[in-house]
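Lettering follows sequence order; numbering is per chain, from 1.
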Amino acid sequence: MSTASRQQGGFVEQGFREMSVALAARGVSKSFGGLKAVQDFTLELPTGSLRGLIGPNGAGKTTVFNLLTGVYQPDVGVVELGGQSILGLRPSKIASLGMARTFQNIRLFGELSVLDNVKLACHVRAEQSMLGAILRTAFSRNEEAAIEAKARRLLQLFDLDDRRDEAGRNLPYGDQRRLEIARALATNPKVLLLDEPAAGMNPQEKLALRALIRRVRDEFGVTILLIEHDMGLVMDICEHITVLDHGAVISRGTPQQVQEDPKVIEAYLGVAEESEKQ
Amino acid sequence: KKEPAAPTAGGNTPAAATAGEIVIGHYGSLTGGQATFGRSTDEGILLAVNEVNAAGGLEVAGVKRKVKLVSEDTESKAEKAGDVVRKLISKDNVVAVLGEVASSITLEGAPVAQRAKIPTITPSSTNTTVTEVGDYVFRVCFIDPFQGYAGAKFVREQLKLTKAALLVDKSSAYSDQLSKEFAQAFQSMGGTIVATADYTQGEKDFNTRLTSLREKGPELIYIPGYYTEVANIAIQARALGMNIPLMGGDGWDSEDLAKNGGAAIEGTFYTNHYAPDNPTPAITAFVTKYGAAYNGKVPDGLAALGYDAANVLFASIKTAGTTEGPKLRDAIAQTKGFVGVTGTITIDANRNAVKPIVVLERKNNAWVYRATIEPK
Amino acid sequence: MPTHVLVARAALPFLVSLLLALLLHFGVARFLDDYDRGLVMSVGINIMLAVSLTMVNGFTGQFSIGHAGFLGVGGYVAGAVTYATSLKLYGDLETRGSMLSGTSLNVDPATLSWFGQGDLLFVASLLAGGCAAALIGYVVGLPSLRLRGDYLAIVTLGFGEIVRVLIQRTDKTAALQAWDRVHPGVPAPEGVSRVFAIENSVLDPATGLSQTTYTAVSDANWFEIAPRVGGSLGFSAVPDYTSIFWVVLFAGVTIAVASRIKRSTFGRAFLSIREDEIASEAMGVDTVRYKVRAFVIAAFFAGLAGGLFAHFKSMNPNEIGFARSFDIVIMVVLGGLGSISGASIAAIIVTLLPEWLRGLDQYRMIIWALALILMMIFRPQGLLGVREIWDKALWQGLVRFIKREKSSPKAGGGA
Amino acid sequence: MDQLLQAIKDSITIGCLYALIALGYTMVYGILKFINFAHSDVVVIGALSTAVLGERMLHKLAPGATAAWYYGPLLLLLAILICSTVAFTVERLAYRPLRRAPRLNVLITAIGVSLLLQNAGQLKFLFGTEPHPVPMLIDQTATIFTVLGVKFRWLDLAIIGTAIIFMVALDYLVFHTKIGRGMRAVSHDTRIASLMGVPVDRIISFTFITGAALAAAGGFLYALRYQTVTQPADTGWALLGLKAFVAAVVGGIGNIRGAVLGALAIACVENFGAAYLHPGYTDVYVFVILILVLLFRPGGILGKAVVEKV
Amino acid sequence: MLEVRSLAVKYGAIQALHDVSLKVEKGEIVTLIGSNGAGKTTTLRTISGLIRPAAGSIVYEGKDITRLAPHEIVKLGLAQSPEGRGVFPQMTVEENLSLGAYTRSDHAQIAKDREHALSLFPRLRERLTQLAGTLSGGEQQMLAMARALLAKPKLLLLDEPSLGLAPQIVQTIFKIIRDINAEGTTILLVEQNAHMALKVAHRAYVLEVGRITMQGDAKELAASDDVRKAYLGGH
Ligand SMILES: Nc1ncnc2c1ncn2[C@@H]1O[C@H](COP(=O)(O)OP(=O)(O)OP(=O)(O)O)[C@@H](O)[C@H]1O
Ligand SMILES: Nc1ncnc2c1ncn2[C@@H]1O[C@H](COP(=O)(O)OP(=O)(O)OP(=O)(O)O)[C@@H](O)[C@H]1O
Ligand SMILES: [Mg+2]
Ligand SMILES: [Mg+2]
């Protein structure tokens, strides 16, 4: 797997110029009752990019994620994954097509062990049949072994291997967040959506997370879209940022451009950015 | 003759015989939905057993031996009946099994006894199929076809009515069969069934159904159900202004029907195994003894049948002179003219009891004996 | 690993079941009396029910309280197949099994073969029952597309009740009838006074009353015979093929299949649904499909159990209702949600304890109820929790526990 | 026509009975999220204590005569007292220790309690197995008016009236009092509710007592209407409980007004089904309607489908 | 006002707190910082009576509250805004707010406080009839804070009030903390945003794997090297 991903990583470098689009949303809108949570949202994620989605609370960021992953269906608009429309598909189908996510409110399988959390996520790539599993054919046996190996490798990467037998919900908050990312990666995604991965972490842990996200992008060649309120983190690692307010895109560009956009300062950053930086 | 590899052979060594005691089993619904029936039957059987023991025991081949009764609970579930009968036979080594009231439960228990070649007598399962299980299965009650016939005959010949409606408990095979037999007999005697409606055990509300029956103008409603529902049906029918006679079968037999139905059951009839006020010596003696044993209770038909079933068994053990299954079976099959509380019982070729039926009428707040219908 | 080793390993649990079944049937059963043997079979059937329900309630965390419905469907279908075929082929309802099958009392055991044509019929009917139940399981699982949690539970309950009422109200079984009722006017052949016949009731619209005629089973089509098995009297006219051998074999297979699934990637997929459906979808688990699958598999084994039940005791519509379903749920929870071995042990307890308590008379059911409540209060995670008897962790925990128990009194003694 | 009228009248009266029972289910479900299978047994206790106490008090009453007017309310009060005590004790001893256990455990405990109450009730020195007659607390036949041969009796009025009084009182309690607010808070999240200062245990006890009082009223009216109360293990009771529960679900479980609506709906389905389709399949109609309602409105008629935001 | 003495808490076999002692004086803002899994939430839960400690005691205004039920503790004026928002998801925003004032009965004042809270979070006013569960993460956090304000406690425990909030709202939250403190509410604050927490607090405790490792004046701690390194992301 590592060689494959590295190749893919190499491909990313070139593909960047060709602007192959991993994920695209065009003119997507969603309202709840009278509330327009997302309006005419458009976004293109080039393959291998690492981009950010920010905006004030209730701007519609999580809703965008839900629209992309099939949890909600857009009222209008198109969502394409690798050039193929994924409108109307169930979230599980979308996941099998190569999109994974983490949740703003952590959703681990609390009673399952850390290892099983990751192994479960490998299920979507499993090829054995249920009958094969019942009869425990050689194929299913080998596949189980491969899944175990893959899960262990991921846990090692995320520094969670020594806690693999613990129940998911007994991990501290920060570890749970990392486990969520590991679990998402286990589905072999092409696109990874992270919803506030740094929430509830202290500055020290956030630093480590930054490095980890970069590494994931580089080593796995995954395209990443990130929601985060920690400006330090967003501005540091994202190549490109989209800003939402009241469901509409109010600005997009490089961190530099966005940070200087008066609309963004008014709606979101405010004076906060100043005091944060002290 | 030895039975090859009968699984019970190991269990049925005459351990009881050496102890001098004759063990008989009773399986019945001592708890659950039909506990009233099971407990009444049990009391009747116990009375018979105590009587025999008080007289020093049962004389078998010249030796007086005490009788021991083992009663087991089926929880009113057919599913349990097999287990329970197996237990009586394998663990308690009973020589014969008495039991169940409900035909559906007896149908589960009887095959077990049949297979083990232990005679079984059901006191009160009236469904025809019960004794068809095999040659070890007997009953001391009449069967539903006869009861339906007797009811029809009474309505046509004594009440002289021609238009009847049926209200059937569809959850009970007893009710189902009885209604069909009644209808058939009634029609063959020139009556007509003007309407039919049905219900399920445990239901409490019959207004809609009674209303629909009323529209057809019947002169009598035949309700072959259990007294639990009949009381309600009567009350609701009277409240709807239907003051025509109601009639049913032995499922009505319980002092609770009067208690619950109150004035509404005035002018109703039912066919039964016996009438406590029927002044035959057997009945009077039984009623007195039963009252003395169970602080003044008036025995219902199930208690009387339990008592008779036990006594038929005892008489057969005496004539057989042994408790061995096949011989005992033959002795029971030869029962003829046994004078029981519920009439003179003769066992026919199909192992059913041939006996007369009585009709009771509710008059001035009391059940009174009205007529006897002899077997066809 | 060489192929034959792999194959042997793959088949191991099934072989073990077979051996155990043979051992119990020919070995242990000799020392038991009829009653005990009956209990062993009841236990086995209940294990199948509990383990199959574990796949729905324990693995996927759905909450089915209509499991007895599948027992009913399987039992009635399997029973009907044997019943109709026996009548059609043999004209009677005797067993024609082998030494593996249940009651063949009228036959000299020495003449019995290893596998009779009756066994073939029996196994075929069991499979038919299982498949019918699985089909219904599919239908019952479908609402899980829209319903979650307790609402799904209530739908399963509703389904169970519908099955019960429908069975209760179908016509009754064919019964022995007098020859002249069935063939009016035709003289009876010598020695024949009664034949198996089915009732044909025609409703007279004027009176609402049914007119009854009879058809001899030998003249009827099998599809006329098979469905007529309902009715409130119960369905007891099924030849008793079920034996300890078959029950133990099928219970073993059920346990093996369930635990194989549990330990495979599919087991994890099931468990993830129990933990968090939304996250599970996001990880690519098609939750609806898996829930339906769980229902289908569980229903299949419950249907098999039903078939065994029908060829052992009698089917009765009043006893496949919700009370029975609750009994099975009790076993599952008592054993520990999701634990296969736990459910099996609980099935043993739930079957045997009330029997052992006989003798307590009218207090028996009270004590059983109290025991149930106390077990829930003092062992809320069930007997084994989510663990299995064959999990190392369970034994390690036990060893640690015993060691601690042992060491503490020693310390006390030393002081 | 008279059949229609009769069916409507019966639907309403029976619907009221179902509603009283359904409310108990819905309240306990709402607050503890488990189906209290022992609830129908509390209804039985209400009905049986009405019958047994009535028998004791009024044994000198001439057959067919009606008791003085105050016996009705008196017996109702006693039934409420007994049922509430039973429910309180059960909650305290059997359910409270399981506050943190998975819901399925509580459910099994409820089944255990139900078995316990049934079998204890069958003991000879309690209610025994035989049916109990109910003294005439109200003249069964006294009619207010008759339309098309359908009689509207005082009895029907008493049932509907009592039920309405209880339901209105409950509605007020839940939606307009502090206790009601507490109940609703506990129903959503006990832990957070306790952080808001809501005395969770007391509220839960109170809910059980209220539910039991309604059950007692249901049992009482039942006894009044049907004049005879059968033993506790009678399957009819379990089925009655089940239908009341189904009513609660159809209306939207946890929703007080929904329970009443669901009860009326279920009673209609039963009575109209029996009158116009086939009386033998009433249970099937009820469960088919249940499944249909849930498929088209997964939260019940008045219930909100639970939305979970991710 | 609040004194926690030698608190020990266990989750089954895992010991989450060892010998934790801390003090909150009337009128103070005290903050409790520490990395993930240090036991901050556990400490607050134990104070509120949600968890029974294995050892130690909690004294509030001279009264031992270690064994009191959560609602009794709230009645004494000690409220908590729990971790993970803890709104009632199936209730509307409006109902959530009214439950905040459950223990109070001064209706006129409640209405005023409600107005005040809504003016602090205009977002909530727009959403009064929405089910709290469908609010965005940040909106839920605002609701939890507003609800805590309506309880008018004497001592308020806040568990990560700034989690998932946009930078500007974070500012608002800390301003509110200062304001209500100025109005006389004592506050015990648990924060990951140690930076801001140390700025508003008077005193601070540092919790590490279930033990208090440092304590003292907030400004001084913020300046100390250890704290800068571990919790402020300083270099
Ligand atoms: N299922 C729903 N029903 C009604 N309103 C909803 C629903 N989901 C989201 N909303 C509303 O849509 C808006 C956008 O919510 P969303 O969760 O996308 O915000 P967000 O940008 O992720 O905010 P935050 O940073 O606080 O997490 C919010 O105002 C929220 O109240
Ligand atoms: N219910 C539980 N069962 C077992 N262990 C638990 C439980 N809750 C917490 N823990 C453990 O107790 C320790 C302290 O947890 P706590 O939630 O108090 O930490 P915290 O300081 O609030 O961390 P965070 O900043 O992540 O919220 C952690 O190691 C955690 O894994
Ligand atoms: Mg969000
Ligand atoms: Mg915390």
Side-chain angles (χ1 to χ4, degrees), chain A residues 65-66 69-71 90-103 105-112 115-144 147 165 167-169 180 183-184 186-189 193, chain C residues 1-14 55 58-59 61 145 253-254 256-291 293-294 296-297 337-338 381 385-386 391-393 396:
Chain A
F65 271 23
N66 288 336
T69 53
V71 175
R90 294 175 55 82
S92 51
K93 182 71 189 157
I94 295 176
S96 74
L97 291 175
M99 180 142 57
R101 70 177 291 186
T102 66
F103 295 90
N105 296 319
I106 297 180
R107 284 181 171 272
L108 286 173
F109 305 119
E111 295 289 328
L112 301 191
L115 182 64
D116 277 348
N117 264 281
V118 181
K119 277 167 98 175
L120 173 269
C122 302
H123 177 76
V124 64
R125 301 284 164 235
E127 279 163 12
Q128 61 186 302
S129 70
M130 198 165 224
L131 194 63
I134 292 171
L135 297 177
R136 212 133 172 72
T137 57
F139 182 77
S140 100
R141 189 182 288 273
N142 293 339
E143 196 174 65
E144 284 291 327
I147 288 175
D165 290 328
R169 74 184 160 95
E180 258 208 328
R183 189 181 66 173
T187 65
N188 288 4
L193 310 181
Chain C
M1 243 182 280
T3 352
H4 64 273
V5 177
L6 277 180
V7 170
R9 278 239 200 135
L12 190 67
F14 302 102
M55 288 187 246
F59 292 4
L145 190 65
V253 169
T254 312
V257 168
S259 54
R260 282 253 163 106
I261 291 180
K262 186 182 177 185
R263 282 196 291 176
S264 75
T265 182
F266 298 96
R268 287 190 293 273
F270 283 142
L271 287 175
S272 76
I273 296 176
R274 175 179 90 183
E275 296 294 315
D276 187 331
E277 273 189 43
I278 291 175
S280 174
E281 273 280 331
M283 292 304 117
V285 176
D286 188 338
T287 50
V288 172
R289 184 154 142 234
Y290 278 94
K291 279 193 264 182
R293 272 193 184 188
V296 168
I297 300 173
L337 262 186
Q381 72 275 45
V386 289
D391 282 354
K392 278 197 207 101
Q396 282 163 357

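- Looking only at heavy-atom pairs under 4.5 Å with chain C, the residue among A/Ala95, A/Cys122, A/Pro91 that has the most is A/Pro91.
- The backbone N or O of A/Glu111 lies less than 3.5 Å from a partner atom in the side chain of C/Glu275, making a donor-acceptor pair.
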Practice task
Decide side chain to side chain contact (heavy atoms under 4.5 Å, CB included) for A/Leu112 and C/Arg268; before the verdict, give the C-alpha distance in whole Å, the side-chain angles of both, and the deciding distance to 0.1 Å.
Solution key: CA-CA 9 Å; A/Leu112 301 191; C/Arg268 287 190 293 273; 5.6 Å; no

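- Contacts between A/Ala133 and chain C at a heavy-atom distance below 4.5 Å involve backbone atoms as well as side-chain atoms.
- Taking the six-membered ring where tryptophan is involved, the planes of C/Tyr290 and C/Phe270 are perpendicular, since the angle between them exceeds 60° and thus also 30°.
- Annotation: maximal heavy-atom pairing with chain A below 4.5 Å, among C/Ser280, C/Ala258, C/Ser272, C/Pro13, occurs at C/Ser272.
- To the nearest 0.5 angstrom, A/Arg125 atom CZ is 12.0 Å from C/Thr265 atom OG1.
- Contact annotation for A/Gln128: both backbone and side-chain heavy atoms come within less than 4.5 Å of a heavy atom of chain C.
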Exercise for the section: Could you walk me through whether C/Phe14 and C/Val257 pass side chain to side chain contact (heavy atoms under 4.5 Å, CB included), step by step? Expected result: CA-CA 9 Å; C/Phe14 302 102; C/Val257 168; 4.1 Å; yes

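- With chain A as the partner, the residue from C/Asp286, C/Ile261, C/Leu271, C/Val288 showing the most heavy-atom pairs under 4.5 Å is C/Asp286.
- For A/Thr69, the side chain to side chain donor-acceptor pair (under 3.5 Å) partners two or more places apart in sequence, or in a different chain, are A/Arg101.
- For A/Arg183, the parts lying near chain C are the backbone and the side chain together; criterion is any non-hydrogen pair under 4.5 Å.
- For A/Ile134, the parts sitting under 4.5 Å from any heavy atom of chain C are the backbone and the side chain alike.
- Heavy atoms closer than 4.5 Å to chain A are found in both the backbone and the side chain of C/Thr287.
- To the nearest 0.5 Å, the span separating CG on A/Asn66 from CG on A/Leu193 amounts to 10.0 Å.
- For the pair A/Arg107 and C/Glu281, the salt-bridge criterion is not met [side-chain N within less than 4.0 Å of a carboxylate O].
- Neither the backbone nor the side chain of C/Arg289 comes within contact range of chain A; no heavy atom of the residue lies under 4.5 Å from a heavy atom of that chain.
- With a 4.5 angstrom heavy-atom cutoff, A/Glu144 touches chain C only via side-chain atoms.
- Per-residue heavy-atom pair counts under 4.5 Å with chain C were compared for A/Ser140, A/Ser96, A/Gly132, A/Ser92, and the maximum is reached by A/Ser92.
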